[in-house]
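Here the structure is laid out as structure tokens; the discussion comes afterwards.
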Amino acid sequence: MEDKIIICRCEEITYGEIISAIKAGCHSISSIKKYTRAGMGSCQGRVCAPIIIKILKSQGIEAVVEDKPNFPYTPITIRDMEVKDDEQ
Amino acid sequence: MMNNNYDVIVIGGGYFGSSISFHLSQAGYKTMLLEQKELASGSSGANYGCIQVQDSNMGISMERTLRGFKGAMKLEETLGCNLDLKEIGSLIVAENDAEMNELDKLYQEKKDYGLPVEFLNPQDIKKIEPYIDEKILKGASYMTQGRLTPWKLVYGFVNKGKEFGLEVREWTKVVDYLRTGDVIKGVVLENGEKIYSRHVIITAGAHSKKLGKLAGIDIPVEYIKGEAFVTEAVKPMMNNFLSSAAFFTDAHGDSSNCALAMMQSKGGNFLIGETGSIGPEDPDELKFFPSKTHLRKMAGLGARFYPALRDLKILRTFSVASPYTKDMEPIFGKTSLEGLYVAAGFKSCVVITTAIGEEMTEIIRNQDN
């Protein structure tokens, strides 16, 4: 695969960057995320995580620790989250 | 057969474990760093990376902080890697009279000590933070400090340490110690494997108490649940690290407390968080999700300080076991057992990582002589 192919669309992280992270010792979705920002964008890895798992496996890392899904399941605004005055 | 013999075993791959491991390896000690999950997977990977000086306790903590600050601001050079290290201001803001009272004490104490702190009135705050709602503020204590990206620091220490022979094992849990009477001689892993060493250092943050119990000693490091959320990335809107003086009026322990801290990361995401609720006794059982009540309070607080943030989307929320001690002083140094040491329960972290790494190396060196 070409190094410049984008794997994480939200943060525009390439295949080459993912491979560098794996070579630096990142063997999980969470550590690759921290190292490269892949999965930190608005889809929170819902698009790139399955691809990164495949890349990890292609590099001989079989027991991939997956990232935990976390609230919110889809981005919501601060306005929607904050406690309104009439609720108190 | 693998040679399972080391000079030092360090348990816990966060800020202090990685710094101590790096400093020991650099000093020529054959060192093994053990982490029960991944490097920086606990509170060291879930904070602002703020190189905070002005909230330090006085006394030895302040000496360490100032020594550490110099070391911290040179870390990219020391470790030969990018840490997103940057000079950034720290604002501790007061919203009411009770907070002003505490803030004033904090400010005076630091000013008298000779720190370059400044007191800002609401109009001054607005000048350096154009998006803030200065009408809700009474004042702030301000100081130029620094920040970096937390996990990059942990990786930085570890990768540099490896150049000096540091060995690291992730997903490796310590379940017991090897000992002869009151002398600790190594550790036993979950799979039964034994690793021998002359020194074992516990640097496991909120998990340190449990690791102390395994050895039959009390390490009084407690933890509170730190909760936070991250927004989508936007253009630079915030120039300083902001924390609320409410931290000092009722810090730690009161579960109704919601003292805000916030910062915009290098990537442009806002990290908005607070500490205040008690978690389960075993930090391993802490749920990753923040409570709904606190999350909604935090969102409200963030939006009150920066009304323009209301339209930003929240991408992710998380909670973390944030260690502390009752008197806000760390548990650091030798224990009652020969060969067992602790470095945990520090109040501000990034700023003193290098100071603690150097001091622990000195302690080990003196012990060996």
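Lettering follows sequence order; numbering is per chain, from 1. All heavy atoms count here, side chains included; hydrogens, waters and symmetry mates do not.
- The line from CZ of A:Phe71 to CZ of B:Arg316 is 13.0 Å long, rounded to the nearest 0.5 Å.
- With chain B as the partner, the residue from A:Glu11, A:Arg37, A:Met81, A:His27 showing the most heavy-atom pairs under 4.5 Å is A:Met81.
- Taken from CG in B:Leu315 to CD1 in A:Ile76, the straight-line distance is 10.5 Å, to the nearest 0.5 Å.
- For the atom pair OG1 (A:Thr77) and NZ (B:Lys313), the distance works out to 8.0 Å, reported to the nearest 0.5 Å.
- Salt bridge B:Arg304/A:Glu82: absent, no basic N to carboxylate O contact under 4.0 Å.
- Heavy-atom distances place no part of B:Glu232 under 4.5 Å from chain A, backbone and side chain included.
- Taking every heavy atom of both residues into account, B:Ala299 and A:Ile78 meet most closely at O-CG2, 3.5 Å.
- In terms of heavy atoms, A:Lys34 sits closest to B:Gly45 at CE-O, 4.5 Å.
- In terms of heavy-atom proximity, A:Gly25 sits nearest to B:Glu170 at O-OE1, 4.1 Å.
- Heavy-atom distances place both the backbone and the side chain of B:Phe318 under 4.5 Å from chain A.
- Neither the backbone nor the side chain of B:Thr293 comes within contact range of chain A; no heavy atoms are under 4.5 Å apart.
- Inter-residue side-chain proximity for B:Tyr155 and A:Ser31 is flagged as met; some heavy-atom pair is nearer than 4.5 Å.
- Nearest heavy-atom pair across B:Trp151 and A:Met40 is CZ2-CE, 3.4 Å.
- Contact of B:Asp311 with chain A is made through backbone and side chain together, with heavy-atom distances under 4.5 Å.
- If you measure heavy-atom distances from A:Cys10 to chain B, you find no contacts under 4.5 Å at all.
- For the pair A:Ala24 and B:Asn159, the tightest heavy-atom approach, listed with the atom from each and the gap, is O-OD1, 4.3 Å.
- We find the NZ-OG distance between B:Lys37 and A:Ser28 to be 12.0 Å, quoted to the nearest 0.5 Å.
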